[in-house]
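This report concerns only the one structure given below.
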Amino acid sequence: MASHIVGYPRMGPKRELKFALESFWDGKSSAEDLQKVAADLRSSIWKQMSSAGIKYIPSNTFANYDQVLDTTAMLGAVPSRYNWSGGEIGFDTYFSMARGNATVPAMEMTKWFDTNYHFIVPELGPDTKFSYASHKAVNEYKEAKALGIDTFPVLVGPVTYLLLSKPAKGVEKSFSPLSLLGKILPVYKEVISELKAAGASWIQFDEPTLVKDLDAHQLQAFTQAYTELESTLSGLNVIIETYFADVPAEAFKTLTALKGVTGFGFDLVRGSKTLDLIKGGFPSGKYLFAGLVDGRNIWANDLAASLSTLQALEGIVGKDKLVVSTSCSLLHTAVDLINETKLDDEIKSWMAFAAQKVVEVNALAKALAGQKDEAFFSANAAAQASRKSSPRVTNEAVQKAAAALKGSDHRRATNVSARLDAQQKKLNLPILPTTTIGSFPQTMDLRRVRREYKAKKISEEAYVSAIKEEINKVVKLQEELDIDVLVHGEPERNDMVEYFGEQLSGFAFSANGWVQSYGSRCVKPPIIYGDVSRPKAMTVFWSSMAQSMTARPMKGMLTGPVTILNWSFVRNDQPR
């Protein structure tokens, strides 16, 4: 009965880590205080998985900032500007790399594949010196072991680490970080040996770059790396985990032929073609970690459908070699539905946050082993059915309007020069007109006014007059600065996506559905559960009020549909 979780959110159900980090950065609490909050979060996550019946529980997926930065620290690949003098890397150097300090800038941050999470990009060059400088992976393994929980240490794989790195400042742009493979493997060997000595029996390497379109040289690096690590890994069960997309056929061939590897993990939610590759030939005697519970959304799993996929896979890889898993780390979803007291019961029954997904993984593993929890499965089937048939999901008027769209609706009826003429007549702008993007800084006072209005502590009248006063200030300022096309500053908007979502039907909002974006920063994505429509005008009231304050043109401002889609948890019952 094998179940596995690729990774888990670090922030805590109520963003405990965020507040501990920010308090430490502000000098309001000590390093020990931060370490205690982090250790408490880790132990509660491990215990939660253990009591849910998960067999393969990950460790070292927790990070005080970012898992790629943890790897940079493990390898001692600290850029010289941080004046690190060697030894174990502490919070000072670690957070300087992440956030910069009074004298030097932070390392660059970029999106982790196509998620809204951001990692700290390693800066490497031909002269980068590597040394084993952070024993976090081993320490966390031992920490869990002391609690009586044997975990599955997780490392960012060596090839993925290099493929995600960039040439450091002053290094030739053409420099390939992959050329450093031979220099980082000795550190990986030290880490593996220590984990083995500490009693680890399984180890997971995350190599998600295998889902990218890699050339032969890059694929060759995987073969080279794991051949080189083979003797160090002997006596350990090794799994290579991939996620976020299909593994291309060539990469699948390279991956499944790797030396000294016991099992392979695949995202079977976003990787539907990978399923065909597995059916077409999976190496005998190897474990398949089947990622069927979606780590990137908040919907309950269709357990019946997943179980039938698992039964088909069992016929290919064998009963004792199939492990039920998440599609990727649960880092990219909200933490726990139990803290959602305001969501209505029907919509809530359609959802699963990270804590619930752990339970789903275990339920599937038990069902596969012939111990199906009939009550759990039938409640799930009922929720799936209610979601399919709910009038809240399907809105006839929206369906009709979408069906009636014609090709011509996607093109403007007039051409640019006609529009330019009309605009110029009406607006009479100078040759090089000036404007700003649209939002002005939100003051503490503004936030307080919005909060009090939401909590019904002040009247609508008082709220409108406070916002009006702010818009008036912003308009006056722009006129003084002689800006040509004005904006109202958006003082009424809490967030560029949430503000619109709250006024549209088909959207729901969680109270604690926070997801880490980077460091201590979290976002709370709106949830699109049904057909979207607009009950009434959303921006006209404020825009027209703003226009009435000036003779200059005032821009209307909307967050565009693609941004709203990318920053929300979206429906999974229709194509994106």
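Just the heavy atoms: all of them, side chains too, but no hydrogens, waters or symmetry mates, feed the values below.
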Side-chain touch [X]/[Y], heavy atoms, less than 4.5 angstrom:
X	Y	result
Glu470	Val474	yes
Pro553	Leu429	yes
Phe119	Thr110	yes
Thr333	Val515	no
Leu331	Tyr8	no
Asp213	Pro248	yes
Val398	Val532	no
Arg419	Asn415	no

Considering residues, nucleotides and ligands other than [X], do more than 12 of their heavy atoms fall under 6.0 Å from its [atom1]?
X	atom1	value
Lys273	NZ	no
Gln371	CD	yes
Leu427	CG	yes
Lys348	NZ	yes
Gln424	CD	yes
Arg448	CZ	yes

(message) My understanding is that only one of Lys468, His488, Glu479 makes a side-chain contact (heavy atoms from CB on, under 4.5 Å) with Met549; could you say which?
(response)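 Of the listed options, the one satisfying the test is Lys468.
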(request) Scan Val449, Thr443, Asp445, Ile471 and name whichever one has a side-chain contact (heavy atoms from CB on, under 4.5 Å) with Pro491. (result)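 The option that passes is Ile471.
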(request) Look at Asp302 together with Arg387 and state whether they make a salt bridge at an N to O cut-off of under 4.0 Å. (result)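 Looking at Asp302 and Arg387, the cut-off is not met.
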(message) Just verifying a value: how many Å separate Trp350 CH2 and Asp573 CG, rounded to the nearest 0.5 Å?
(response)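 The CH2 atom of Trp350 sits 9.5 Å away from the CG atom of Asp573.
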(request) Given side chain to side chain donor-acceptor pair (under 3.5 Å), test Gln442 with Asn494 step by step and report yes or no. (result) CA-CA 9 Å; Gln442 300 235 341; Asn494 49 355; over 6 Å; no
(message) Would you say Gln503 and Arg534 are linked by a side-chain donor-acceptor pair, where the criterion is simply a distance under 3.5 Å?
(response)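 The answer is no; no qualifying pair exists.
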(request) Tell me, please, whether Trp542 has Arg493 positioned over its six-membered ring: NZ or CZ under 6.0 Å from the ring centre and within 45 degrees of its axis? (result)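 Ring-cation test returns no.
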Are the side chain of [X] and the backbone of [Y] linked by a donor-acceptor contact shorter than 3.5 Å?
X	Y	result
Gln547	Thr550	yes
Asp531	Asn395	yes
Thr434	Asp484	yes
Lys55	His4	no
Lys555	Thr436	yes
Ser327	Gly295	yes
Glu360	Asn301	yes
Ser439	Glu490	no
Thr274	Val247	yes
Gln67	Thr61	no

(request) Would you please indicate if the ring centroids of His332 and Phe244 are separated by under 6.0 Å? (result)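 Between His332 and Phe244, the centre distance is under 6.0 Å.
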(request) Measure centre to centre between the rings of Phe266 and Phe252, then say whether the value is under 6.0 Å. (result)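 So the answer is yes for these two rings.
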(request) Of all the heavy-atom pairs spanning Glu346 and Ser386, show the shortest one and how long it is. (result)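 Taking Glu346 first and Ser386 second, the nearest heavy atoms are OE2-OG, 4.2 Å.
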(request) Take Asp114 and Arg270, measure what salt bridge (charged side-chain N to carboxylate O under 4.0 Å, His left out) needs, and give me the verdict at the end. (result) CA-CA 12 Å; Asp114 63 346; Arg270 288 185 175 230; 3.6 Å; yes
(request) Classify the angle between the aromatic ring planes of Phe509 and Phe507 as parallel (below 30°), tilted (30 to 60°) or perpendicular (above 60°). (result)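 Geometry flag for Phe507 against Phe509: parallel rings.
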(message) Does the plane of the ring in Tyr117 sit parallel, tilted or perpendicular to the ring in Trp112? Use 30° and 60° as the thresholds.
(response)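 Because their plane-to-plane angle is over 60°, the rings of Tyr117 and Trp112 count as perpendicular.
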